[in-house]
Protein chains: 2
Amino acid sequence: MPVTIKDVARESGVNVSTVSRALNGEYGVHADTREMVAAVARRLGYRPNRVARGLVTGRSHTLGLVVSDIRNHFFAEVARGAEDAACRAGHDLILCNSDLDPDKQMRYMQSLLEKRVDGILMNSVSVLSRAQQEQLAAMGVAIVLLNRTAPRGVFSTVCADNRGGGRLAAEYLLKLGHRRIAHLTGPRHHGNMTDRARGFVRALSAVPQPVEPVMIYGRNDFTGGYEMGRELLARHPEVTAVFAASDTMAFGAIRAFIEAGRRIPGDLSVIGFDDIELAAIVNPPLTTIYQPKYEIGEAAVEILLRHADRKKPHAPEHRVFDVRLVERQSCKPRD
Amino acid sequence: MPVTIKDVARESGVNVSTVSRALNGEYGVHADTREMVAAVARRLGYRPNRVARGLVTGRSHTLGLVVSDIRNHFFAEVARGAEDAACRAGHDLILCNSDLDPDKQMRYMQSLLEKRVDGILMNSVSVLSRAQQEQLAAMGVAIVLLNRTAPRGVFSTVCADNRGGGRLAAEYLLKLGHRRIAHLTGPRHHGNMTDRARGFVRALSAVPQPVEPVMIYGRNDFTGGYEMGRELLARHPEVTAVFAASDTMAFGAIRAFIEAGRRIPGDLSVIGFDDIELAAIVNPPLTTIYQPKYEIGEAAVEILLRHADRKKPHAPEHRVFDVRLVERQSCKPRD
DNA sequence: GGGCTTCCTGCAAACGTTTGTGAATTCTCC
DNA sequence: GGAGAATTCACAAACGTTTGCAGGAAGCCC
């Protein structure tokens with residue numbers, strides 16, 4: 001049975017309201033009283049009950065983070081950035097894994113809303129219907145999307161310059177002389193990956209002798225990359241360069257290539273996206289597009305907190321982070 | 001302004017208590033009434049306020065997860081297992097990164113307690129003082145430790161058979177004929193890693209011609225492993241086999257070895273611990289000790305939930321998961 | 001010393017639920 | 001048809017805070 005504010009009030013001979021004011025450092029309470037109350041509180045080991053406080057203030061000091069899978073290193077990095085930023089601001093983070101399942105995502109959203117979180121940051125799996133958007137916006141909860149570059153919607157967004165990243169990958173492979181190129185990407189309608197593909201395809205077709213890449217869709221994880229790699233070898237053995245929309249998929253594909261006796265980059269050049277830590281240490285080290293994962297999480301929380309006041313509905317903010325090519329050893333000029 | 005239970009009551013012409021009972025499926029409300037209330041609630045889009053409910057029931061349906069760093073793949077996996085188990089039971093998970101900093105850990109604990117979480121699972125950084133243990137236990141919050149094998153303390157524990165894993169690694173290296181062996185491990189007083197070291201050292205000394213390994217302490221991440229790898233080369237170039245207490249450290253060390261022109265496993269055999277996904281795909285594939293990370297997170301939450309009733313203080317539970325050697329290609333017999 | 005601030009503190013109403021208690025209604029059965 | 005049991009519901013008190021309001025005690029100035 002934890003000690004409550006009433007215990008502190010009784011013990012120190014003042015009213016609970018005075019205790020509350022004293023402990024929260026508000027105006028209008030005598031220094032002596034404040035000190036005495038603080039001493040009593042300390043002696044009793046009083047810890048304010050935040051759910052009670054949340055009930056009256058309407059703020060829970062809690063944020064929701066909905067990602068597809070925290071085991072994905074990209075999201076782990078985003079989560080860490082978000083958690084640090086939240087922690088600095090005295091907020092907590094509730095972790096949710098949606099598995100790209102719209103139902104699961106919606107259940108999580110409901111749960112978070114029922115807990116009256118001050119804000120939610122999510123990589124939305126599917127395009128939210130107008131009705132869903134309205135509903136969420138009406139709940140008065142701030143939302144930041146992590147994978148929509150420039151939505152027409154009402155929510156703020158934070159993400160990397162995915163389209164630019166796709167362009168960088170294309171220009172790099174073209175510069176190396178490749179003409180038979182494939183793109184391994186994630187599920188359709190996945191905001192970030194769609195943008196990467198768009199930038200990639202557009203850049204390939206914006207040159208004197210346009211290239212039309214082989215497109216292969218799959219799951220955004222190691223096994224998905226592996227399967228896509230096998231499919232590529234079976235159906236398009238002529239390809240000499242591959243752009244995978246994430247490092248994890250790139251690793252899976254490389255595994256498939258090596259198993260089939262191909263050499264990287266001898267027979268096949270591979271470029272990834274994300275620049276996760278292990279990209280530097282696999283063999284060969286993976287050439288990839290860097291995006292600032294930690295900073296994305298941080299920025300998302302900062303925007304969230306700025307909007308969480310919900311006095312007046314802020315206009316949505318959109319923040320795009322620059323990406324850059326990290327040249328390692330998984331690509332080489334075409335012979 | 002969200003719709004409250006009062007709105008539903010007024011709109012459906014019954015008392016709030018009836019609405020509450022109807023929606024929570026309790027006895028003592030007529031089927032017709034229940035249905036009518038449910039319909040009104042649906043029409044109004046009523047969502048119960050869980051913080052209000054938590055205030056009166058005393059249960060928040062929230063768990064705290066304190067890990068050192070979610071970017072560590074081991075913890076990501078544990079977190080995912082924990083989150084899945086929590087989700088199944090209708091609970092949420094608050095994520096905290098302690099960075100192995102005792103102060104930060106304690107601040108997080110306080111924050112979680114103030115939020116009245118139903119339980120906390122943590123990889124405690126430091127040995128909790130008896131007083132801290134008492135205090136936490138007195139708060140009536142269930143706690144499961146993720147890195148103490150058999151504590152004398154009052155809390156439940158879940159972990160892998162770290163000592164056994166250390167022994168497996170030692171026996172394997174001995175079997176390959178190595179006699180000059182090093183162990184790269186994490187910070188001192190880190191429960192899991194200490195146990196791995198203990199099992200490793202003991203097994204090395206339990207043979208006819210005992211081996212005393214070179215011990216190097218450092219940070220449990222890629223850079224830490226890299227630095228330890230360099231230190232090892234500088235101070236003990238005679239070593240032919242290395243046991244790293246985590247795969248991540250092993251990767252760092254391998255990087256240092258390769259930079260120095262050593263070949264793996266030609267010049268130096270390396271064995272890790274964890275068997276994270278990427279252990280299979282680096283080059284050479286890493287021989288390591290597998291531990292069931294996801295299942296550890298799952299089991300921890302299940303124990304937590306079982307104890308969270310806190311009617312009577314359960315006796316602490318201790319669960320140890322088996323580990324096994326995964327033989328890949330980073331070790332070879334000594335010439 | 002009286003009226004005026006200014007400062008401090010107590011009172012009580014909220015916040016949105018759950019739940020024990022008792023009243024009112026219906027049902028059952030003779 | 002009526003007594004008693006069973007069912008269904010309303011009332012109100014909690015849960016632990018915050019906060020607007022008002023009352024009381026000082027202090028200040030003339």
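Just so it is clear, the model here is predicted, and its values are computed rather than measured.
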query: In this structure, are over 12 heavy atoms from other groups packed under 6.0 Å from A:Arg319 atom CZ?
result: no
field: B:Arg80 bridged to A:Asp99 by N-O distance under 4.0 Å
entry: yes
- line: Overall bend of the helix from C:dG1-D:dC30 to C:dC30-D:dG1 (five pairs an end, 10° steps) is 40°
message: With heavy atoms of chain A within less than 4.0 Å as the criterion, where does contact along DNA chain C begin and end?
response: C:dC8 to C:dG16
statement: Nearest heavy-atom contact between B:Ala299 and B:Val158 is CB-CG1, 4.3 Å
Under-4.0 Å salt bridge between B:Arg88 and B:Glu298: yes
- prompt: Taking only residues two or more places apart in sequence, or in another chain, which ones meet A:His61 in a ring pair (Phe, Tyr, Trp, His ring centres under 6.0 Å)?
  reply: A:His91
Selected nucleotide, minimal atom distance to B:Thr33 side chain, candidates D:dT18, D:dT8, D:dA10: D:dT8
Counterpart residues, side-chain hydrogen bond (donor to acceptor under 3.5 Å, both in side chains), relative to A:Lys115 (two or more places apart): B:Thr62, B:Asp92
- prompt: Side chains of A:Glu35 and A:His30: is there a donor and an acceptor less than 3.5 Å apart?
  reply: no
message: Need one value for A:Thr4: base, sugar-phosphate or nothing, where a base atom within 4.0 Å counts as base even if backbone is also close, heavy atoms only.
response: sugar-phosphate
Atom pairs, protein N/O to nucleotides 20-26 of chain D N/O, distance under 3.5 Å:
unit_1	atom_1	unit_2	atom_2	d
D:dG20	O6	A:Arg21	NH2	3.1

message: According to salt bridge (charged side-chain N to carboxylate O under 4.0 Å, His left out), does anything in residues 3-25 of chain B pair up with another residue at least two apart or in another chain? List the pairs.
response: B:Asp7-B:Arg10, B:Glu11-B:Arg43
query: Do we see a donor-acceptor contact under 3.5 Å between the side chains of A:Tyr294 and A:Asp84?
result: yes
- request: Under 4.0 Å between any heavy atoms, over every strand shown, what does A:Val14 touch: base, sugar-phosphate, or nothing? Just pick one.
  value: sugar-phosphate
message: For B:Leu146 versus B:Ala300, what's the shortest heavy-atom pair and its separation?
response: CD2-CB, 3.9 Å
